[in-house]
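Sending over a structure as C-alpha cells; questions will come in a sec.
Numbers restart at 1 for each chain; the letters A, B, ... are given by sequence-line order, proteins then strands. Just so it is clear, the model here is predicted, and its values are computed rather than measured.
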2 protein chains.
Amino acid sequence: MNQDQLSLTFAALGDPTRRAILTRLTKGEASVAELSKPFLGGMSAPAITKHLKVLEKAGLISRGREAQWRPCKLNGQGFKEIADWVETYRKFWEESFDRLDEYLKTLSKAKETKTKVAKTKKKGTKYGRQK
Amino acid sequence: MNQDQLSLTFAALGDPTRRAILTRLTKGEASVAELSKPFLGGMSAPAITKHLKVLEKAGLISRGREAQWRPCKLNGQGFKEIADWVETYRKFWEESFDRLDEYLKTLSKAKETKTKVAKTKKKGTKYGRQK
DNA sequence: CACATGATTAACTAATAGGTTAATTAACCG
DNA sequence: CGGTTAATTAACCTATTAGTTAATCATGTG
C-alpha cells in the first residue's frame, strides 16, 4: 500500500540514484538523457523515466514540455513536507547533544576529582509484570 | 545497493508502520508488546521486531535490556541526518513560496488594474539539437 | 512523407520487503 | 526444576522494486 504522501516521499528519497538525480537538479533543469549520463556507463533511459515517475509522485520534481524533451526541475513543496515532519523530532536530536555535552562535562569533572561512581541497580521498572 | 546510511534512514521512514512506531516513542520508551498493540487487532511481534531492526540500522532508535524486555527509545542522531540533508534544499521550497507570494501580489495588482498579460512564446532553448 | 531523436510503455527478471505462523532462546517466578 | 512471558529466528508467501531490452509514441527536420 504505502499510499500516503509522506510514505511516497520518504521512500523516493531512500534510493541513492534518485537522490543523485535531485542533486543534479539543484544545478538546473535537465532532460532524461542528461540525467542518465552521469551514472557509470550511463543508466538506461527507461530506468531514469521510472525514477522520475517516483520522484514526481513524491512531489519532489515537476516536469515540463519542450518539443520532444521533458525537462525536470525540483519542486520545493515535497522537500518542505519532509522538513516539517522531521522538525517535530528536533528536540530529540538536540537532547542527545545536550546529553553529549553533559557527558563531556562529567568527564572533565571526573578527571579533576577522580570520583568513583557507584553503579546503582535499577529494579521494579515499568516493564514489570502487571498481574 | 542501498547500503549507505542516508538510504537506510530514508527507506526506514518510508513505511507508515515504522513512522507510527516513532510517533509512539516520542511519548517514552516502549517494549515490543506495547508497540504491537496499537495496530488494528495487534500486529504480530515478529513483524514489530523486523521493523525495529530496520529502525535501529537506520540510526533512528536504540534498544536497551530490562530482564526479558528490550525497550526501545528514539535516537536523535538519525533524525538529525535527515534534517541536515533536507536543509540543503531549503532554498528550493522557500523559492516556491516566494513565487507564490509574487503570484498573489500579481493577482491583487491585476485586480486593481485589470491588466491583460501577453503570453510570450519561448523558442530555441538549451534543449535544441547540438549537432 | 520518411527518418532521426527523445522519451515512454511493455514485458520480463532477480532481489528485497512486509507480513504470516511455528519453533527457539532468554529471563523471571513459584 | 517446570512453567510462563517476552522477544527473536526460521521458513515461507506475496507484492513491489530496480533494473534490463525491445517496441511504441511524439515531435521536429530534410
Side-chain angles (χ1 to χ4, degrees), chain A residues 1-4 7-8 10-21 29-37 39-58 61-72 121-131, chain B residues 1-4 7-21 29-37 39-58 61 63-72 121-131:
Chain A
M1 270 88 242
N2 242 12
Q3 294 290 46
D4 64 292
S7 293
L8 291 177
F10 274 124
L13 293 172
D15 183 288
T17 299
R18 287 191 288 261
R19 289 200 310 282
I21 289 174
E29 299 196 1
S31 66
V32 170
E34 285 172 319
L35 290 171
S36 76
K37 277 173 210 154
F39 295 93
L40 278 301
M43 181 171 289
S44 73
I48 298 290
T49 294
K50 284 190 186 177
H51 283 305
L52 295 178
K53 281 223 166 97
V54 173
L55 289 169
E56 194 174 17
K57 281 184 189 156
I61 66 166
S62 64
R63 313 203 57 185
R65 274 274 170 140
E66 201 75 55
Q68 66 255 230
W69 296 273
R70 273 97 174 197
C72 313
K121 178 86 193 287
K122 235 191 312 186
K123 47 179 111 167
T125 76
K126 59 168 289 212
Y127 295 110
R129 191 166 299 175
Q130 47 247 44
K131 204 336 152 4
Chain B
M1 70 264 315
N2 245 10
Q3 294 289 41
D4 63 292
S7 292
L8 291 177
T9 309
F10 274 123
L13 293 172
D15 183 287
T17 301
R18 286 192 288 261
R19 288 200 310 281
I21 289 174
E29 299 195 2
S31 65
V32 170
E34 285 172 321
L35 290 171
S36 76
K37 277 172 211 155
F39 295 94
L40 279 298
M43 180 170 289
S44 72
I48 299 290
T49 294
K50 282 190 187 178
H51 283 304
L52 295 179
K53 280 221 166 101
V54 173
L55 289 169
E56 195 174 16
K57 281 183 190 157
I61 65 166
R63 314 204 55 185
R65 274 276 171 141
E66 201 75 55
Q68 66 256 229
W69 294 274
R70 275 112 199 205
C72 312
K121 178 88 195 285
K122 232 191 314 182
K123 47 179 115 167
T125 75
K126 58 169 290 213
Y127 295 109
R129 192 165 298 174
Q130 47 248 45
K131 171 53 169 303

Tell me: CH2 of Trp69(A) to C1' of dT8(C), nearest whole Å?
16 Å
Spacing between Leu55(A) atom CG and dT8(C) atom P, to the nearest angstrom:
12 Å
Atom-pair distance (CG on Leu52(A); P on dA7(C)), nearest Å
10 Å
In whole angstroms, how far is the C1' atom of dG18(C) from the CZ atom of Arg19(B)?
15 Å
What is the distance, rounded to the nearest whole Å, between atom CD1 of Ile48(A) and atom P of dT8(C)?
10 Å
Of the nucleotides dG18(C), dA7(C), dA18(D), which one has an atom closest to the side chain of Arg18(B)?
dG18(C)
Can you check nucleotides 1-3 of chain C for protein contacts, nitrogen or oxygen pairs under 3.5 Å, and list what you find?
none

Looking only at heavy atoms, the pair that brings Ala11(B) and Arg18(B) closest together is O-NH2, 3.4 Å
Can you tell me the distance, in whole Å, between the NZ atom of Lys37(A) and the C1' atom of dG6(C)?
11 Å
Taken to the nearest 0.5 Å, the spacing of His51(B) NE2 from Thr17(B) OG1 works out to 4.5 Å
Considering residues at least two apart in sequence or located in another chain, which fulfil the side-chain hydrogen bond (donor to acceptor under 3.5 Å, both in side chains) criterion with Arg19(B)?
Asp4(A), Ser7(A)
Checking Val32(A) now: which residues fulfil side chain to side chain contact (heavy atoms under 4.5 Å, CB included) with it, not counting sequence neighbours?
Ala45(A), Ile48(A), Thr49(A), Leu52(A), Arg63(A)
Among residues at least two apart in sequence or on other chains, which ones pass side chain to side chain contact (heavy atoms under 4.5 Å, CB included) with Ala47(A)?
Met43(A), Ser44(A)
When the distance from CG of Asp15(A) to C1' of dG19(D) is rounded to whole Å, what number comes out?
11 Å
Which atoms of nucleotides 24-27 of chain D (N or O only) lie under 3.5 Å from a protein N or O atom, and what are those distances?
unit_1: dT27(D); atom_1: OP1; unit_2: Arg65(A); atom_2: NH1; d: 3.0

Show me the protein contacts with nucleotides 20-24 of chain C, counting only N or O atoms at under 3.5 Å.
unit_1: dT20(C); atom_1: OP2; unit_2: Ser44(B); atom_2: OG; d: 2.5

